[in-house]
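Some notes on the structure that comes next.
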Amino acid sequence: MSQERGFRPRALGEIAIRCADMAAMVDFYENVIGLTRLNGGHDSAITFFRIAEGFEGHTQVLALFHHGAAPRPGLHPTGADKPMTGAQSSLHHIALSLPFAEQEAVMRWYDQIGQPYRVERFGWIGWRGVFTTDPEGNTVELVAYDASMLDQA
């Protein structure tokens, strides 16, 4: 029996990453990746960055939460029960979209600042990703679509 759900998600609203070193993470997402800071800072428990306009007025955001922050008691474990951050966490990676033509600028920028990266092509969907890591070992992909990246049948 089929049931009508009555809703369908349209866009990603927010992604949150737990951090051990907020200053390094804020610096990376602001100065290496180029996101605009909306709220918080290098020594805040929580810092928000604007990714894009999003859907129906809801700005898409990246939130950085210091692993010791518990804005609502019981919501996030702290102390000895705190979750792992970076490469040891369950976060695989985040991907931020940009125009294909800007990927060359990303690679030039990374070369200029000495930020290691790798490029991967996903021909089945026509994407190319430029991958790097943030200061805590999380993989950050700047991904773009272009028909030239599609596998030729």
Side-chain angles (χ1 to χ4, degrees), residues 5 7-69 71 75-77 82-153:
R5 213 176 7 260
F7 69 90
R8 181 178 54 88
R10 306 297 198 290
L12 179 66
E14 174 181 318
I15 187 160
I17 300 175
R18 285 195 181 88
C19 309
D21 185 342
M22 283 294 283
M25 293 289 279
V26 168
D27 184 63
F28 176 83
Y29 285 98
E30 188 167 41
N31 297 314
V32 174
I33 300 298
L35 296 180
T36 301
R37 191 172 353 142
L38 295 172
N39 193 343
H42 291 82
D43 59 355
S44 299
I46 305 168
T47 300
F48 293 91
F49 291 93
R50 179 184 184 281
I51 296 172
E53 281 306 307
F55 181 73
E56 290 194 352
H58 185 288
T59 301
Q60 293 179 351
V61 298
L62 168 66
L64 302 179
F65 282 72
H66 187 271
H67 65 78
L75 181 62
H76 302 288
K82 73 180 187 243
M84 300 299 281
T85 60
Q88 300 302 314
S89 78
S90 61
L91 176 67
H92 187 275
H93 76 279
I94 65 170
L96 305 172
S97 299
L98 73 167
F100 185 77
E102 290 182 17
Q103 283 188 323
E104 294 298 325
V106 170
M107 292 180 266
R108 282 191 307 274
W109 172 245
Y110 286 172
D111 287 338
Q112 179 182 335
I113 65 171
Q115 180 70 31
Y117 67 93
R118 76 180 193 290
V119 178
E120 202 169 327
R121 185 178 154 272
F122 303 94
W124 65 274
I125 197 164
W127 293 355
R128 181 174 68 180
V130 181
F131 293 84
T132 193
T133 56
D134 71 18
E136 296 197 359
N138 299 303
T139 300
V140 179
E141 176 187 9
L142 297 180
V143 65
Y145 169 83
D146 190 81
S148 71
M149 294 290 110
L150 287 167
D151 288 340
Q152 302 305 314

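This one's a predicted model, so the numbers in the text were calculated from it and none came from an experiment.
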> In Å, rounded to the nearest 0.5 Å, how long is the span from CZ of F131 to CG of L142?
Replying inline: 9.5 Å

>> What's the separation between atom CG in D27 and atom NE2 in H42, rounded to the nearest 0.5 Å?
In response: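 Separation between the atoms: 5.0 Å.
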
With side chains defined as the heavy atoms from C-beta onward, is the minimum distance between [X] and [Y] less than 4.5 Å?
| X | Y | answer |
| --- | --- | --- |
| M107 | V130 | yes |
| E30 | F49 | yes |
| F28 | N138 | no |
| I17 | E136 | no |
| I125 | Y145 | no |
| W109 | E102 | no |

> With the threshold set at 4.0 Å, does a side-chain nitrogen-carboxylate oxygen contact exist between D151 and R121?
Replying inline: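 A salt bridge links D151 with R121.
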
Looking at every heavy atom in both [X] and [Y], which two are closest together, and how far apart are they?
| X | Y | result |
| --- | --- | --- |
| P135 | A24 | CG-O, 3.5 Å |
| V143 | A95 | CG1-CB, 4.1 Å |
| G114 | P116 | O-CD, 3.3 Å |
| D134 | M25 | OD2-CE, 3.0 Å |
| M22 | T47 | CE-OG1, 3.5 Å |

> So among E141, E104, E120, which one has a salt bridge (Lys or Arg N to Asp or Glu O under 4.0 Å) with R128?
Replying inline: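 Exactly one candidate clears the test, E104.
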
>> One pair to check against side-chain contact (heavy atoms from CB on, under 4.5 Å): Y29 and I94. What are the steps and the verdict?
In response: CA-CA 12 Å; Y29 285 98; I94 65 170; 4.1 Å; yes

>> Could you check whether any side-chain N or O of R5 sits under 3.5 Å from a backbone N or O of R8, counting only pairs where one atom can act as donor and the other as acceptor?
In response: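 Checked: no pair found.
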
>> Quick one: does any side-chain atom of Q115 pair with a main-chain N or O of T132 as donor and acceptor, under 3.5 Å?
In response: no

>> Can you tell me how the ring of Y117 sits relative to the ring of Y110, calling it parallel under 30°, perpendicular over 60° and tilted otherwise?
In response: tilted

Can you list, pair by pair, the side-chain donor-acceptor contacts under 3.5 Å of residues 50-65, counting residues two or more places apart and other chains?
residue	atom	partner	partner atom	Å
R50	NH2	E53	OE2	2.4
Q60	NE2	L12	O	3.4

